[in-house]
Amino acid sequence: MTATPGTDRPSPPSDVTLVIASRNRREDLLATLPRHEAPVVLVDNGSTDGTVAAVREAHPDVTVLSLERNEGARARTLGAEHAGTPFVAFADDDSWWAPGELARAVAILRAHPRLALINARILVGPDEELDPVCTEMAVSPLGTATDLPGPSLLGFVACGSIVRTEAFEAVGGFDPVVRFPGEEERLALDLAAAGWGLAYVDSLTVHHHPSPRRDAPGRRQAGIWRSKVLTAVMRFPVADVAAVLGTAVRSGRPGLEGLVRAVPDLPAAVRRRRPIPADVRADVRLLAGEPA
């Protein structure tokens with residue numbers, strides 16, 4: 001891998017594409033797009049703030065897929081399909097991979113054939129604070145498999161991840177049922193069930209400066225509960241689905257609101273139901289601190 005002229009970091013690889021899904025965050029995108037070192041596919045989820053026109057004018061090198069409606073996290077799947085590269089990295093409209101890191105991430109994936117997904121460390125805000133989720137990933141109770149470059153995972157943060165496209169597409173990518181937020185769990189479970197590895201690699205860095213244009217915390221928590229319920233229906237044994245529903249009820253307003261928001265999508269979740277193997281479910285329990 002050659003070095004970029006005038007630097008000591010690897011050249012951006014030609015076999016990775018950066019996929020971004022966004023909706024109504026024009027100013028965030030215009031600020032972060034120049035930071036990306038790989039070709040970018042932007043999937044616009046039906047923005048009404050002029051995002052598509054502004055990006056096409058300011059960044060004609062960016063491929064823009066303009067959707068008529070908000071497809072949620074499935075927009076990333078559409079972007080990955082369009083990319084056609086062996087590896088796809090994800091970013092949000094308010095995040096970016098540090099210089100040289102995409103090339104390093106691709107090299108790590110190539111060196112570990114069973115590895116489907118890497119979650120980099122995520123530094124948040126101008127103060128570059130480590131995302132608390134990364135602190136948890138670094139001490140994953142699942143340990144580090146001998147054929148993986150870091151602690152094993154059963155979840156990840158999309159804006160800090162890169163995937164092997166073959167594995168991502170084989171398990172359907174992000175689906176139209178779970179949508180956003182909390183869309184990562186079902187994908188992680190399916191990758192693990194198919195025998196792929198997911199790992200946290202602390203030596204890779206992603207920057208995330210959360211946009212001020214975000215849902216209120218309560219609404220976001222309700223959205224996460226909606227995703228938990230739908231993921232459980234699609235992948236957990238019946239008894240465990242009941243336990244998730246009970247926990248949602250006991251969690252108060254966000255959980256109850258999440259349950260209500262999940263109801264319209266329950267038929268679609270049931271149609272996609274495919275319970276995970278016992279060994280993957282045992283790992284889920286281990287991560288949750290539940291009895292085996």
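Between R69 and E71 there is a salt bridge, since a side-chain N of the basic residue sits under 4.0 Å from a carboxylate O of the acidic one. No salt bridge links R121 with D131; every basic N to acidic carboxylate O contact stays at or beyond 4.0 Å. Between D190 and R235 there is a salt bridge, since a side-chain N of the basic residue sits under 4.0 Å from a carboxylate O of the acidic one. No salt bridge links R179 with E183; every basic N to acidic carboxylate O contact stays at or beyond 4.0 Å. A salt bridge is absent between R74 and D175: the closest approach of a Lys/Arg side-chain nitrogen to an acidic carboxylate oxygen does not fall below 4.0 angstrom. Using a 4.0 Å cut-off between a side-chain N of Lys or Arg and a carboxylate O of Asp or Glu, D240 and R285 qualify as a salt bridge.
Looking only at distances, no side-chain donor or acceptor of R35 sits under 3.5 Å from a matching main-chain atom of W97. Between the side chain of D93 and the backbone N or O of I20 there is no donor-acceptor pair closer than 3.5 Å. The backbone N or O of E136 lies less than 3.5 Å from no partner atom in the side chain of S140, so there is not a single donor-acceptor pair. Listed for the E37 side chain is no donor-acceptor partner under 3.5 Å among the backbone atoms of P99. With hydrogens and angles ignored, the 3.5 Å screen pairs a side-chain donor or acceptor of R104 with a backbone N or O of S203.
A side-chain contact (heavy atoms from CB on, under 4.5 Å) with T63 holds for exactly one of V41, L42, V43; it is V41. Of the candidates V55, V52, L29, L29 is the only one forming a side-chain contact (heavy atoms from CB on, under 4.5 Å) with S22.
Atoms CG and CE, on L266 and M234 in that order, are 10.0 Å from each other to the nearest 0.5 Å. Taken from CH2 in W96 to SG in C159, the straight-line distance is 10.5 Å, to the nearest 0.5 Å. Note that CD of E185 and OG1 of T231 are 5.0 Å apart. Values are rounded to the nearest 0.5 Å. In this structure, L198 CG and S161 OG are separated by 9.5 Å, a value rounded to the nearest 0.5 Å. Between atom CG of residue D265 and atom CZ of residue R271 there is a gap of 9.5 Å, rounded to the nearest 0.5 Å. We find the CG-CZ distance between N119 and F156 to be 8.0 Å, quoted to the nearest 0.5 Å.
Surrounding CZ of R273 are more than 12 heavy atoms belonging to other residues, nucleotides or ligands, all under 6.0 Å away.
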Would you give me the side-chain donor-acceptor pairs under 3.5 Å for residues 122-129, sequence neighbours excluded?
from, atom 1, to, atom 2, distance (Å)
E128, OE1, H207, ND1, 3.2
E128, OE2, H207, ND1, 3.0

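When hydrophobic clusters are built by joining Ile, Leu, Val, Met, Phe, Trp and Tyr residues whose side-chain heavy atoms come closer than 4.5 Å, directly or via intermediates, Y200 is not grouped with L154.
Checking T17 against T85 by side-chain atom types alone, a donor-acceptor pair falls below 3.5 Å. For the residue pair D94 / S211, no side-chain donor-acceptor distance below 3.5 Å is found, with atom types taken as modelled. Looking only at atom types and distance, the side chain of S66 has no donor-acceptor partner in the side chain of D44 under 3.5 Å away. No side-chain donor from either of S95 and D92 sits under 3.5 Å from a side-chain acceptor of the other.
Between R272 and P176 there is a side-chain heavy-atom pair separated by less than 4.5 Å.
Geometric assessment of R281 against the ring of F236 yields a positive cation-pi assignment under the 6.0 Å and 45° thresholds.
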*Before giving the answer on side chain to side chain donor-acceptor pair (under 3.5 Å), spell out for S47 and R23 the whole-Å C-alpha distance, their side-chain angles and the decisive distance to 0.1 Å.*
CA-CA 5 Å; S47 291; R23 175 177 167 80; 5.7 Å; no
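Annotation: salt bridge (Lys or Arg N to Asp or Glu O under 4.0 Å) contacts involving residues 109-120, sequence neighbours excluded, comprise D15-R110, R114-D147.
Ring orientation note: the planes of F90 and F174 are nearly perpendicular, at an angle over 60° on the 30°/60° scale.
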